[in-house]
Amino acid sequence: MLNYFLLLTVSAVVLSLELSHVAGTQVPRPRGVPISKASLYSPERDFECLDGSRKILFHRVNDDYCDCGDGSDEPGTAACSNGHFYCQNAGFEAQYIPSSRVNDGVCDCCDTSDEYASGAKCLDNCHELGREARAEAEKAAEEAKAGNQIRLEMCAEGKKLKEERASKLAKLKGDYEEAKMIREEKENIKNQVEERERAALEKYKPVEPEPKEEPKEEAREIEAEEYFRMVDSDESGTVTVAEIQTRVTFDRDGNGVVTEEEAMYFLGNRDEVNLEEFLEKSWENIKPFLMRERGAFLPPSQPQDQGEDHPEDHPDDEDHDSDDHEDDLDHEDEAHHEEVEKDPEPEPEPEVKYDEETQALVNEANEARTHYQQAEKNVMDIGNEIRDLEAKVERDYGPDEVFATLDGQCFKLSDLEYVYSLCLYGKATQSAKSGGSEVSLGQWSDWTGVGPHKYTQMKFDRGHTCWNGPARTVTVNLRCGKENKLISASEPNRCEYAMIFTTPALCDPNAEAQSNHDEL
Ligand code: MAN
């Protein structure tokens with residue numbers, strides 16, 4: 001009986017170790033255990049769960065019963081839900097799979113070792129996968145090598161740019177100080193000349209009330225003259241008492257008759273007056289009585305003015321009628337606008353002719369003003385240039401200024417629906433192919449990669465706000481490629497965009513940034 005148990009135990013261990021040999025390894029170890037951990041599974045002693053929680057007899061390893069909390073006693077069976085099965089995958093890459101997948105009828109390991117007792121027909125394709133992977137790795141290596149060459153050029157160019165910008169900035173700062181001095185000088189000259197100009201122009205200053213009076217006076221004269229010609233019915237050049245008596249206007253006492261006396265009152269106690277005398281003496285007396293005659297006589301200027309105003313006020317009258325009524329208000333507004341805009345049309349300034357000396361001063365002042373404006377513009381232009389350059393000098397262009405040459409460069413990518421554009425250190429946009437305006441997906445924010453991978457990711461934020469949602473943002477992941485190229489753009493979450501950008505800047509064989517081997 002004892003012999004029987006001994007035989008069973010020994011054969012179980014042998015089976016377990018032998019099966020490992022089947023997987024093609026030299027170091028004997030239980031199924032599902034990598035060589036690196038073989039020493040932890042020695043058949044010569046009890047097995048200690050890898051988390052140190054307990055010790056079990058060695059024959060309980062891979063006996064299809066889960067003893068350890070961490071599943072480490074069943075690496076080669078599906079007994080523990082949290083165990084790990086190691087496939088050697090000779091010819092390709094070794095791999096861990098959850099031990100729950102062992103013998104589940106699905107081929108997980110390319111060497112078929114996970115399906116040793118399920119009857120699943122698995123094909124060992126590790127060598128084929130290995131070949132493909134090697135070809136891909138070779139291609140990637142070539143790409144990285146070519147990329148590295150370009151990266152070095154980008155660094156050289158970037159450093160050159162940095163130096164150029166720094167020296168340009170230093171020069172501009174000098175120019176700026178000089179420009180400010182020139183501006184001050186020009187301002188002083190301008191002020192001095194303007195002072196002299198002001199003094200010289202003093203004598204040309206118009207007396208304020210006069211220009212307002214003049215047109216009134218003129219209108220008055222026209223009105224009076226018109227009236228004179230009307231009353232002078234025989235066109236003799238004088239207005240007589242008899243002519244005055246024919247007009248009811250001059251019936252001062254309203255008794256229906258214009259007496260001689262009444263008539264003479266209007267003629268300044270004379271029998272007749274010529275135009276000059278009429279203007280000087282009679283018109284003042286006549287004017288107040290004209291109101292009675294208004295219905296029959298209007299000064300010629302009035303009806304003319306009104307007649308002209310009408311068609312201009314409503315130039316669209318005909319269209320207006322045919323328009324929808326809803327629009328009427330708008331039209332009225334427009335008409336009103338036109339009127340408002342037209343009314344204050346400035347009367348042309350009377351051209352003043354200056355004496356020679358004054359004109360020379362005005363010319364000199366104009367020239368001084370122009371020079372000052374030019375100097376002022378120059379100061380502003382240099383100031384703007386300095387600000388732009390300072391922003392670039394302070395910008396993070398990565399190790400050895402490798403990204404500097406990409407500043408301001410834009411890259412486009414089309415998918416079925418949109419054209420995406422990515423301008424490094426600028427902005428990212430989206431334009432629908434069906435039309436409509438460009439949508440900003442974000443402005444350059446910063447490098448956001450973690451730790452040594454800082455320059456593998458950048459962020460754009462403050463894009464156009466989504467309807468009922470957040471402002472759009474873009475996360476751009478960068479990877480090595482011999483071309484600077486936008487290779488993918490997507491929207492994994494609404495209004496959160498993701499892009500992939502390849503760049504030689506990341507083809508640095510010395511940087512660990514690109515290595516992403518995940519060991520368990
Ligand atoms: C537009 C595009 C889309 C986005 C929606 C959000 O259609 O910018 O990418 O998801 O707006 O409303």
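Just follow the structure's listing: the first ligand is 1, and inside any ligand the first atom is 1.
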Side-chain donor-acceptor pairs under 3.5 Å in residues 389-397, sequence neighbours left out?
from, atom 1, to, atom 2, distance (Å)
E390, OE2, K173, NZ, 3.2
R395, NH1, D407, OD1, 3.3
R395, NH1, D407, OD2, 2.8
D396, OD1, G398, N, 3.0
D396, OD1, Y455, OH, 2.9
D396, OD2, K454, NZ, 3.0
D396, OD2, Y455, OH, 3.0
Y397, OH, D407, OD2, 2.4

- Please check if the side chain of E438 supplies one atom and the backbone of S431 the other of a donor-acceptor pair under 3.5 Å.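 Checked: no pair found.
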Could you list, one pair per line, each nitrogen or oxygen of ligand 1 together with any protein nitrogen or oxygen closer than 3.5 Å, giving atom names and the distance rounded to 0.1 Å?
from, atom 1, to, atom 2, distance (Å)
ligand 1, 8 (O), Q430, OE1, 2.7
ligand 1, 8 (O), R472, NE, 3.3
ligand 1, 8 (O), R472, NH2, 2.9
ligand 1, 8 (O), Y497, OH, 3.2
ligand 1, 9 (O), Q430, NE2, 3.1
ligand 1, 9 (O), E491, OE1, 2.6
ligand 1, 9 (O), E491, OE2, 3.4
ligand 1, 9 (O), Y497, OH, 2.7
ligand 1, 10 (O), E491, OE1, 3.4
ligand 1, 10 (O), E491, OE2, 2.6
ligand 1, 11 (O), R472, NH2, 2.9
ligand 1, 12 (O), R494, NH2, 3.3

- Tell me yes or no: between the side chains of T370 and Q373, is some donor less than 3.5 Å from an acceptor?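 Side-chain D/A pair, T370 to Q373: absent.
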- Message: Quick check on the 6.0 Å ring-centre criterion: do F85 and Y96 meet it?
- Response: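 Between F85 and Y96, the centre distance exceeds or equals 6.0 Å.
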With a cut-off of 3.5 Å and sequence neighbours excluded, list every side-chain donor-acceptor pair involving residues 156-164.
from, atom 1, to, atom 2, distance (Å)
K162, NZ, E401, OE2, 3.4

Under 3.5 Å, which donor-acceptor pairs do the side chains of residues 182-193 form with other protein atoms, sequence neighbours left out?
from, atom 1, to, atom 2, distance (Å)
R183, NH1, E376, OE1, 3.1
N191, ND2, E187, O, 3.4

